[in-house]
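Whatever order the structure lists them in is the order used to number ligands and atoms, beginning at 1. Only heavy atoms go into these numbers, but all of them, side chains included; no hydrogens, no water, no symmetry mates.
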Amino acid sequence: MKKDLEHMRKTYEKGSLEISSVGNDPLLFFEKWFDQAQSNNSIEEANAFSLSTIGKDGFPKSRIVLLKSYDSDGFVFYTNYNSVKAKDILNSPKVGVSFYWPSLERQVIIKGTAFKVEGDISDKYFNSRPIGSRLGAIVSNQSQVIPNRKILEEKLEYLKKNYKDKSPKRPDNWGGFKISPISYEFWQGRSNRLHDRIIFYDLDEKWTIKRLSP
Ligand SMILES: Cc1cc2nc3c(=O)[nH]c(=O)nc-3n(C[C@H](O)[C@H](O)[C@H](O)COP(=O)(O)O)c2cc1C
């Protein structure tokens, strides 16, 4: 079977990027682009990003997770600490992050090092989640093989009854990771595939800014 997709092509013409316009703090520039993505009605879940980790088998694996906060120390997402991604990170903390905001014709690629956030930060976020999400996190041994869906639903029903009058505590195996960036690459689509790419990378604790060929 062969499906020909060679005709799939789009022209990018919504913006441009100059070194003179990105400033000298990549986090501030990220914030500017993130705010524009978040307020753009055609972008759902502007905070969704692809997270790539390196497995013990040497293969990278990418999957989508949701950015839940960011500050000058890094970018935070939450997950199960026994999941494939968490085991990968605990074994090899170098990760790749990419955001793609199609209707702005923009991509941001971040390389960084991930580490577990403090328990009280994870507690605070866990306790802010709707009850269904909290119970779901308890139910799921994320990334484990299970025989069927029914066992999840039965466990959820059991927990719903059990926690009818009390609040579930964050399980020890669930919490946040923070990614501390070493480089940011900002990509703006342009016509004729001559896209703009501006990279910030950490050199001797100072951001160096360069233009890359598309
Ligand atoms: C839009 C979207 C958002 C997601 N957000 C998260 C998240 O924040 N945390 C998480 O652990 N999984 C999230 N997932 C599920 C992951 O993509 C993935 O299936 C799961 O974390 C297991 O990955 P792993 O087995 O590689 O660890 C999300 C999936 C999608 C499509």
Minimum-distance protein heavy atom relative to atom 18 (C) of ligand 1: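 Its nearest protein heavy-atom neighbour is R63 CG, 3.9 Å.
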For atom 22 (C) of ligand 1, closest protein heavy-atom neighbour: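 Its nearest protein heavy-atom neighbour is K85 NZ, 3.5 Å.
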Under the side-chain contact (heavy atoms from CB on, under 4.5 Å) test, residues paired with K155 that sit two or more places apart: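 By the side-chain contact (heavy atoms from CB on, under 4.5 Å) rule, K155 matches V139, N141.
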Heavy-atom protein contact below 4.0 Å for atom 5 (N) of ligand 1: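 Given the 4.0 Å limit, the answer for atom 5 (N) of ligand 1 is yes, a protein heavy atom qualifies.
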From K61, K87, Q142, E45 - option closest to atom 26 (O) of ligand 1 by heavy atom: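 Going through K61, K87, Q142, E45 one by one, K61 has the nearest heavy atom to atom 26 (O) of ligand 1.
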Residue selection (non-hydrogen contact nearest atom 8 (O) of ligand 1) among T79, N80, L66: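 Of the listed residues, L66 has the closest heavy atom.
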Could you tell me whether some N/O pair between [X] and ligand 1 is separated by less than 3.5 angstrom?
| X | value |
| --- | --- |
| I64 | yes |
| A48 | no |
| A86 | no |

Passing candidate, side chain to side chain contact (heavy atoms under 4.5 Å, CB included) with L27, options F75, F200, F34, W207: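 The single option meeting the side chain to side chain contact (heavy atoms under 4.5 Å, CB included) with L27 is F75.
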From OG1 (T113) to CD1 (I89), nearest 0.5 Å: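 Between T113 OG1 and I89 CD1, I get 10.5 Å after rounding to 0.5 Å.
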Mutual orientation of the aromatic rings belonging to F186 and Y184 [parallel < 30°, tilted 30-60°, perpendicular > 60°]: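 Rings of F186 and Y184: parallel, as their planes differ by under 30°.
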Electrostatic pair [X]-[Y], nearest N-O below 4.0 angstrom:
| X | Y | result |
| --- | --- | --- |
| D196 | R106 | no |
| E105 | K10 | yes |
| K150 | E153 | no |

Heavy atom of Y78, distance to ligand 1 below 4.0 Å: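 Checking ligand 1 against Y78, which is what was asked, there is a heavy-atom contact under 4.0 Å.
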Enumerated ligand 1 atoms positioned under 4.0 Å from heavy atoms of S143: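 Every atom of ligand 1 under 4.0 Å from some heavy atom of S143: 24 (P), 25 (O), 27 (O).
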